[in-house]
Novice: 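Quick one: this structure, given as structure tokens, is what I'll be asking you about.
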Amino acid sequence: MSEYPGLAWLARYRAAVNADPELKVIGDWFTTTFALTFGPSRYALAVDRGRIVDIFAAPRLDVRAIFGFRAPVEVWRKFLAPDPPPLYHDFFAMLMRVPEFVLEGDGLAAMQNARALHRMMNIMRETGTPDA
């Protein structure tokens, strides 16, 4: 089985984030590297002023992620579904009510960038399912 969601999907996600007009406005102060862990597959996304400038697959110690989101693949599949079940429609809802969806690292840094991060996660849903 290939890694979920895979680099091709992440490239589509990156293009959607970088083309988003809302993030161009609200992302000016969102510069960090954060991690996304889909089951056993971990990625680090380097963000500069609301734009994804690099994606690191299976990052090691040389890539420092300030915070990250970790969940089993089945949780991510529900989040990315065209019609997600209750509690899987928004990453804030998942943080509060889905125990398998975990915020790792510096939660303060994540919440200081909550508006831009929320938009990025919504774009993730808009990107569609990696299985499609």
Side-chain angles (χ1 to χ4, degrees):
M1 180 181 229
S2 63
E3 288 190 355
Y4 185 91
L7 289 174
W9 183 87
L10 284 165
R12 287 195 331 259
Y13 173 57
R14 175 184 184 170
V17 164
N18 292 350
D20 187 68
E22 186 176 342
L23 264 175
K24 284 182 170 68
V25 174
I26 63 173
D28 256 1
W29 300 102
F30 188 33
T31 297
T32 192
T33 298
F34 70 96
L36 296 172
T37 304
F38 301 80
S41 302
R42 185 172 176 85
Y43 302 90
L45 283 64
V47 178
D48 183 36
R49 298 181 58 182
R51 296 177 46 84
I52 299 173
V53 294
D54 213 343
I55 297 171
F56 304 94
R60 302 213 185 262
L61 297 174
D62 59 338
V63 178
R64 182 174 179 239
I66 304 303
F67 63 89
F69 299 106
R70 174 178 46 86
V73 169
E74 283 312 308
V75 169
W76 286 109
R77 279 196 170 114
K78 289 177 185 178
F79 176 68
L80 297 173
D83 189 20
L87 304 180
Y88 294 86
H89 67 288
D90 184 86
F91 92 101
F92 279 123
M94 292 190 334
L95 279 174
M96 298 298 177
R97 300 286 187 224
V98 178
E100 300 88 6
F101 188 76
V102 177
L103 171 60
E104 301 176 311
D106 190 344
L108 177 60
M111 292 307 109
Q112 285 172 329
N113 294 288
R115 181 66 189 103
L117 185 58
H118 190 256
R119 180 65 191 136
M120 269 192 169
M121 296 299 280
N122 284 342
I123 294 169
M124 183 182 289
R125 290 206 54 255
E126 294 166 11
T127 301
T129 62
D131 304 323

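By convention here, the first residue in the shown sequence is residue 1.
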Novice: Working to the nearest 0.5 angstrom, can you tell me the gap between Phe34 CZ and Leu103 CG?
Specialist: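 Those atoms lie 11.0 Å apart.
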Novice: Please report the closest heavy-atom contact between Leu23 and Gly50, naming both atoms and the distance.
Specialist: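 It is CD1-O, 3.9 Å.
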Novice: Please confirm whether the backbone N or O of Ala81 pairs with a side-chain atom of Thr129, one donor and one acceptor, at under 3.5 Å?
Specialist: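 Not at all, since once roles are kept as given, no pair shorter than 3.5 Å links the two residues.
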Novice: Under a 4.5 Å side-chain heavy-atom rule over Ile, Leu, Val, Met, Phe, Trp and Tyr, are Val25 and Ile52 clustered together?
Specialist: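 Looking at the clustering, Ile52 is in the same group as Val25.
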Novice: Angle between ring planes, Phe38 versus Tyr43, binned at 30° and 60°: parallel, tilted or perpendicular?
Specialist: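 Answer is perpendicular, since the angle exceeds 60°.
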Novice: Which atoms form the tightest heavy-atom contact between Leu10 and Pro5, and what is the distance?
Specialist: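 The pair with the smallest heavy-atom distance is CG-CG, 4.2 Å.
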Novice: Which heavy-atom pair separates Gly128 from Trp9 by the least distance, and what is that distance?
Specialist: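 Looking at all heavy atoms of both residues, the shortest contact is O-NE1, 2.8 Å.
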Novice: Would Arg77 count as a cation-pi partner of Tyr4, with NZ or CZ less than 6.0 Å from the six-membered ring centre and within 45° of the ring normal?
Specialist: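 So Arg77 does make the cation-pi contact.
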Novice: Which is it for Tyr88 and Phe79 under the ring pair (Phe, Tyr, Trp, His ring centres under 6.0 Å) test, yes or no, and what are the steps along the way?
Specialist: CA-CA 5 Å; Tyr88 294 86; Phe79 176 68; 8.7 Å; no
Novice: Does a side-chain heavy-atom distance below 4.5 Å link Leu45 with Arg14?
Specialist: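 Not in contact.
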Novice: Within the structure provided, determine whether Trp76 and Leu36 are in side-chain contact (heavy-atom separation under 4.5 Å).
Specialist: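 Result yes, sub-4.5 Å side-chain heavy-atom pair found.
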Novice: Taking only residues two or more places apart in sequence, or in another chain, which ones meet Arg64 in a side-chain hydrogen bond (donor to acceptor under 3.5 Å, both in side chains)?
Specialist: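 Scan of Arg64 (side-chain hydrogen bond (donor to acceptor under 3.5 Å, both in side chains), adjacent residues dropped) gives none.
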Novice: Hey, quick one: are Phe91 and Leu87 part of the same hydrophobic cluster, counting side-chain heavy atoms closer than 4.5 Å, chains of contacts allowed?
Specialist: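 Yes; Leu87 is reachable from Phe91 via cluster members.
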Novice: When you compare the side chain of Arg119 with that of Arg115, does any pair of heavy atoms fall below 4.5 Å?
Specialist: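 Yes. Closest side-chain heavy atoms under 4.5 Å.
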Novice: Within a strict 4.5 Å, meaning less than it, do heavy atoms of the Met121 and His118 side chains meet?
Specialist: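 A side-chain contact under 4.5 Å is absent here.
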Novice: Do you know the tightest heavy-atom contact between Ile66 and Ala109?
Specialist: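 Result for this residue pair: CG2-CB, 3.7 Å.
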Novice: Can you confirm whether Val47 sits close enough to Val17 that some side-chain heavy atom of one is under 4.5 Å from a side-chain heavy atom of the other?
Specialist: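 A side-chain contact under 4.5 Å is absent here.
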Novice: I need the minimum non-hydrogen distance between Pro99 and Arg97, along with the two atoms involved.
Specialist: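 Result for this residue pair: CD-O, 3.4 Å.
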Novice: Taking all non-hydrogen atoms of both residues, which atom of Thr127 and which atom of Ala16 are closest, and how far apart?
Specialist: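 Heavy atoms of Thr127 and Ala16 come nearest at OG1-CB, 4.2 Å.
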Novice: Please confirm whether the backbone N or O of Val102 pairs with a side-chain atom of Arg70, one donor and one acceptor, at under 3.5 Å?
Specialist: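 A pair under 3.5 Å: no.
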Novice: Do side-chain atoms of Lys78 reach the backbone of Val73 as a donor and acceptor pair under 3.5 angstrom?
Specialist: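 Answer holds: no.
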Novice: Kindly indicate whether the side chain of Phe101, heavy atoms from C-beta on, has any atom under 4.5 Å from the side chain of Leu95.
Specialist: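 Sidechains of Leu95 and Phe101: in contact.
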Novice: When you group the ILVMFWY residues by side-chain heavy-atom contacts below 4.5 Å and let the links chain together, are Met111 and Ile26 in the same group?
Specialist: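 Ile26 clusters together with Met111.
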Novice: Can you tell me if Met96 has over 12 outside heavy atoms packed within less than 6.0 Å of its CE?
Specialist: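 No, not enclosed.
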Novice: Only counting residues at least two apart or in another chain, list the ones meeting side-chain hydrogen bond (donor to acceptor under 3.5 Å, both in side chains) with Asp54.
Specialist: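 Result, side-chain hydrogen bond (donor to acceptor under 3.5 Å, both in side chains) vs Asp54: none returned.
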Novice: Hey, any chance Phe56 and Leu7 share a hydrophobic cluster, counting ILVMFWY side chains that come within less than 4.5 Å of each other, even indirectly?
Specialist: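 Different clusters.
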Novice: Taking side chain as C-beta onward, heavy atoms only, is Ile55 less than 4.5 Å from Tyr13?
Specialist: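 Answer no - side chains too far apart.
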Novice: How are the rings of Phe30 and Phe67 set to each other: parallel, tilted or perpendicular (split at 30° and 60°)?
Specialist: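 Plane angle under 30°, so parallel.
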Novice: Under the side-chain hydrogen bond (donor to acceptor under 3.5 Å, both in side chains) test, which residues partner Thr37, sequence neighbours left out?
Specialist: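 Arg42.
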